[in-house]
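Take a look at the structure below.
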Amino acid sequence: MTDQIPILKPKTVLEKKDDEKRKPVKLILLGDSAVGKSKLVERFLIQRYVPVQMSTYALTLFRYDFVTEDGQEVDVDIWDTAGQERFASMHPAYYHDSHVCILVFDVTRKPTYKNLEKWLQELRNYREHIPCIVACNKIDTDPEVVSRAFAFAERHGFPLHYVSAADGTNVVQLFESAISIGAAYKKNPNSDDFMTQVLEILNEGK
């Protein structure tokens, strides 16, 4: 009988750990209102999540269990703004102990791209060194946009993902990259060769 190689998949909520046993990677999303942050989260999670409403701070987090390509089990908390970005800033609790950030803009609305600098500046006030990924959303409206470079991502050395929450293009890759990078940062937040690890993770996904 030939041995079969097991396929690693995200764990379902049926296997979730007790709160006291979880040491999650905290993933946050930033960007202007209506750029598609919540829709991206919904597209990625589908049914494998536990939503937790945090009414005190008007925030929502989604608990997700993930297995990386090298077999590492990762508890993940994905935090959604729940519309709080309409007030031009986020509650400090949103940034507390976060490990990775996805900065999202809407390719059909230029101001949302320009405002990424503002969101990055606010992020750095609370989490100076966590890694970031830029998500260019709504590429389904203009497929040619994938051939364009965006100075913001290049200037800051952030990976850029072209995605569509509407049809799901590259959404899984975006979040899996973010989770893997966040897990690496959580493990070695002060490592001198952290960026080398990030590049290796990104290259593995190609």
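Here, residue 1 is the first one in the sequence, and each next residue gets the next number.
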Evaluate the salt bridge (Lys or Arg N to Asp or Glu O under 4.0 Å) criterion for residues E122 and R127: first the C-alpha distance (whole Å), next the side-chain angles of each, then the deciding distance (0.1 Å), finally the verdict. CA-CA 9 Å; E122 179 171 309; R127 298 294 284 168; over 6 Å; no

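The backbone N or O of V100 lies less than 3.5 Å from no partner atom in the side chain of S98, so there is not a single donor-acceptor pair. Put simply, the side chain of K37 gets close to the backbone of D32: a donor and an acceptor are under 3.5 Å apart. Judged purely by atom type and a 3.5 angstrom limit, Y113 uses its side chain to pair as donor or acceptor with the backbone of F152. Judged purely by atom type and a 3.5 angstrom limit, S177 has no side-chain atom pairing as donor or acceptor with the backbone of L174. Judged purely by atom type and a 3.5 angstrom limit, H99 has no side-chain atom pairing as donor or acceptor with the backbone of K186.
Paired with W79 under the rule side chain to side chain contact (heavy atoms under 4.5 Å, CB included), one option of F62, Y94, Y95 passes, and it is Y94.
Looking at V76 and R63, their side chains never come closer than 4.5 Å, going by heavy atoms from C-beta outward.
Evaluation of the side chain to side chain donor-acceptor pair (under 3.5 Å) rule for N170 yields no partner, not counting sequence neighbours.
Ring orientation note: the planes of Y162 and F150 are tilted relative to one another, at an angle of 30° to 60°.
Side-chain contact of T112 with N115: a donor-acceptor pair under 3.5 Å is absent, judged by distance alone. Checked by atom type, the side-chain pair D106/N137 shows no donor-acceptor distance below 3.5 Å.
Aromatic ring centroids of Y64 and F44 lie under 6.0 Å apart.
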